[in-house]
Structures are given as structure tokens and as C-alpha cells.
Amino acid sequence: MAFLREQPASSILRRGPARRIVACFALVALAPILIQCDLYRPRDKAPVPAEAPETTTPPKVAATPAPVPPLGRAEIIAAAARAASDYASGTATQDTDPLVGRAFSVRTPFGCGPIAEAANPVAAPAGLARAEWGSERKTIQLSLDPDNWTGSALITAPGVQPGWEAVEGFWLARPWLATEACPGVARDPLQAAASGVVAQTVGLAAVFQEGASRVARRNGRAYVFTVRPERDATILTPPADGYRVLIQGRVSAFPEGRAFRCRATSPDQRPICVAAITLDRVAFTLADGTVLSEWRPG
């Protein structure tokens with residue numbers, strides 16, 4: 001189709017009428033095709049905006065609760081004081097006792113003053129730790145004899161069967177002293193001779209269920225450890241800050257659901273309060289925590 005070659009419009013018009021008519025019809029017929037070609041001609045594409053980076057929110061992790069520290073000497077003594085006040089005032093507490101099930105670790109100082117001589121031992125009630133010189137002052141014997149509280153009126157209540165086969169008791173000496181350190185007041189020998197044995201008012205009652213293992217029970221046997229001089233030493237010097245007896249376990253409950261039970265024979269007497277416990281460990285240590293000897297159930 002030679003007539004389709006591009007030619008100047010003036011040359012087409014100069015040709016004859018028939019040719020001009022044919023040329024016009026050809027241009028009209030080709031117009032849609034030319035338009036279509038123009039539509040499909042590649043064009044510069046508009047820049048595609050960059051996608052914003054996806055932000056991922058980290059999953060929320062539940063905060064792990066901090067472990068509850070064991071109750072210490074100060075907390076046990078404070079709880080005993082509250083129990084004594086409730087008992088003396090006749091206050092009945094019906095809510096759940098928060099102490100039940102809590103772990104505890106109580107250190108009680110002993111052997112803080114002059115060590116008792118073996119020939120003249122100081123009378124100490126059962127349930128209290130004591131230190132005594134051995135023969136010729138070559139050793140120091142540490143001992144703790146748990147008291148038998150199984151049949152005590154403080155442990156058994158009329159008409160209530162706790163299901164305990166045995167109860168062994170430990171006293172917290174000097175309950176007015178919340179710290180685990182030795183007393184800062186020196187003993188006056190004249191006053192000490194006249195004062196006699198001090199009544200104990202705060203204790204821990206290790207309870208043993210009927211039918212349970214008897215391995216942890218002492219059955220009248222004392223915890224005993226003998227301190228000897230260091231190697232190559234000929235003289236044994238007691239520590240200036242005394243010794244410690246460490247008692248660890250968990251607070252149990254009396255049948256009424258309370259950790260402590262108190263009794264007093266008079267409204268003018270300070271109530272004696274003891275906490276029911278499950279015993280895990282007994283140890284003799286130095287003031288800095290160095291373990292000299294320990295006993296664990298099983």
C-alpha cells in the first residue's frame with residue numbers, strides 16, 4: 001500500500017479528486033489504529049512509593065513475681081507479738097493467716113558471754129542452745145536439746161485432734177531482741193545470780209504428723225557439735241560474737257488455721273506464743289554464717 005507512505009498534505013491535495021477522496025477515506029480508516037498505537041506506547045511509569053517497614057509489637061510477657069523472702073527472726077517475733085496482743089485482748093481473727101505456708105530462716109545467738117565451765121554448767125531449759133567448755137578447755141561443746149511439747153496444754157486443745165504424733169519445741173531466746181546479733185549489754189554477775197532462769201515466751205513447735213516419717217524426729221536426742229582448735233593451734237579461743245543456731249522450715253498451722261497459738265495464766269502475764277512449723281534444717285554456725293554442723297530430715 002504505497003499510498004500509505006507519509007506524504008505532504010499539499011501533494012495529496014494537488015492530485016485528482018478521486019485520489020484525494022481515496023486518501024481521505026484511508027486517513028479516516030487508519031485514525032483508530034493510530035490512536036490505539038499511541039495508547040499502547042510505553043510511557044514513563046509513576047514511581048511506586050516505598051512500602052513502610054512493618055512494625056511488629058513484641059508480645060507481652062507476664063512479669064515473673066519476685067520470690068518471697070523467708071521470714072527472719074524479726075518477722076517471727078513481730079508475728080508472735082501480734083498473736084499475743086490478739087490473745088490478750090480476746091480478738092478473734094477469722095481471715096486466712098498469711099504466715100501459713102511461708103518459708104522461714106531464724107538464727108538465734110548463743111554463747112555470747114563467757115562460756116560455761118564443764119564442771120559448773122549453766123542450767124538452761126530444753127529448747128535453748130548452749131555452749132560449754134570441754135575437759136581442760138580444749139574443746140567447746142555446742143548443744144541444742146529440743147523440748148518435748150507433745151502433751152503440752154499449749155499444743156493440745158480440748159476436743160481438737162491435730163493429728164500430730166509428736167511435737168518438739170525450740171525457744172527463741174531474748175524475744176525482745178529482733179536482731180540476730182549478740183546483746184550489746186554486758187551481763188552483771190551479781191544481777192545474773194539473783195535473776196535466775198528467764199521464762200521463755202516465743203517458740204517454734206516442730207510438728208510431726210501421724211504415720212509420717214520419723215527420721216527428722218530427735219526423740220530426746222540433742223543436736224551436738226564439738227568445736228576444736230584450728231590445725232596446729234594449742235589454744236581454743238571462743239569467738240567474740242558468739243555462735244548461732246539456725247532453724248529453717250515452713251510455717252504450719254494449728255487446727256484453727258492460725259500459725260501461732262498463745263496461752264497465759266493471768267492477764268498480767270505476757271502470753272507464751274508458739275508457731276507450728278515443719279522442720280527442714282537445724283545448724284550451728286558462726287556469726288558470719290560459716291556452717292559448723294547441720295542436720296536435715298532424711
Original post:
What distance separates Tyr87 OH from Thr93 OG1, expressed to the nearest 0.5 Å?
Top reply: 13.5 Å

Subject >> Separation between CG of Leu128 and OG1 of Thr108, rounded to the nearest 0.5 Å >> reply: 8.5 Å

**OP:** Would you sort out whether Arg73 and Leu177 count as a side-chain contact (heavy atoms from CB on, under 4.5 Å), showing the intermediate values?
**Re:** CA-CA 9 Å; Arg73 176 181 170 88; Leu177 191 64; 4.3 Å; yes

**OP:** Nearest 0.5 Å please: distance from the CD atom of Glu180 over to the CZ atom of Arg244.
**Re:** 8.0 Å

Original post:
If you look at every heavy atom in Ala259 and Val251, which pair is closest and at what distance?
Top reply: CB-CG1, 3.5 Å

Original post:
Could you go step by step and tell me if Val202 and Trp171 meet the side-chain contact (heavy atoms from CB on, under 4.5 Å) rule?
Top reply: CA-CA 6 Å; Val202 178; Trp171 293 112; 5.8 Å; no

**OP:** Would you check, one step at a time, whether the test side-chain contact (heavy atoms from CB on, under 4.5 Å) holds for Phe208 with Thr150?
**Re:** CA-CA 10 Å; Phe208 301 93; Thr150 305; over 6 Å; no

Original post:
side-chain contact (heavy atoms from CB on, under 4.5 Å) between Phe254 and Val274: does it pass, once the steps are laid out?
Top reply: CA-CA 10 Å; Phe254 285 92; Val274 299; 4.0 Å; yes

Subject >> Carboxylate-amine/guanidinium proximity below 4.0 Å for Arg102 and Glu75 >> reply: no

Subject >> Reported CG-to-CG distance for the pair Leu246 and Leu144, which is rounded to 0.5 angstrom >> reply: 11.5 Å

Original post:
Quick one: do Arg281 and Glu294 make a salt bridge, cutoff under 4.0 Å?
Top reply: yes

Original post:
Ion pair present between Glu256 and Arg258, side-chain N to carboxylate O less than 4.0 angstrom?
Top reply: no

**OP:** Anything under 30° is parallel, anything over 60° is perpendicular, the rest tilted; go ahead and classify Trp295 against Tyr223.
**Re:** perpendicular

**OP:** State whether the number of non-hydrogen atoms from other residues, nucleotides or ligands found under 6.0 Å of Asp232 atom CG is greater than 12.
**Re:** no

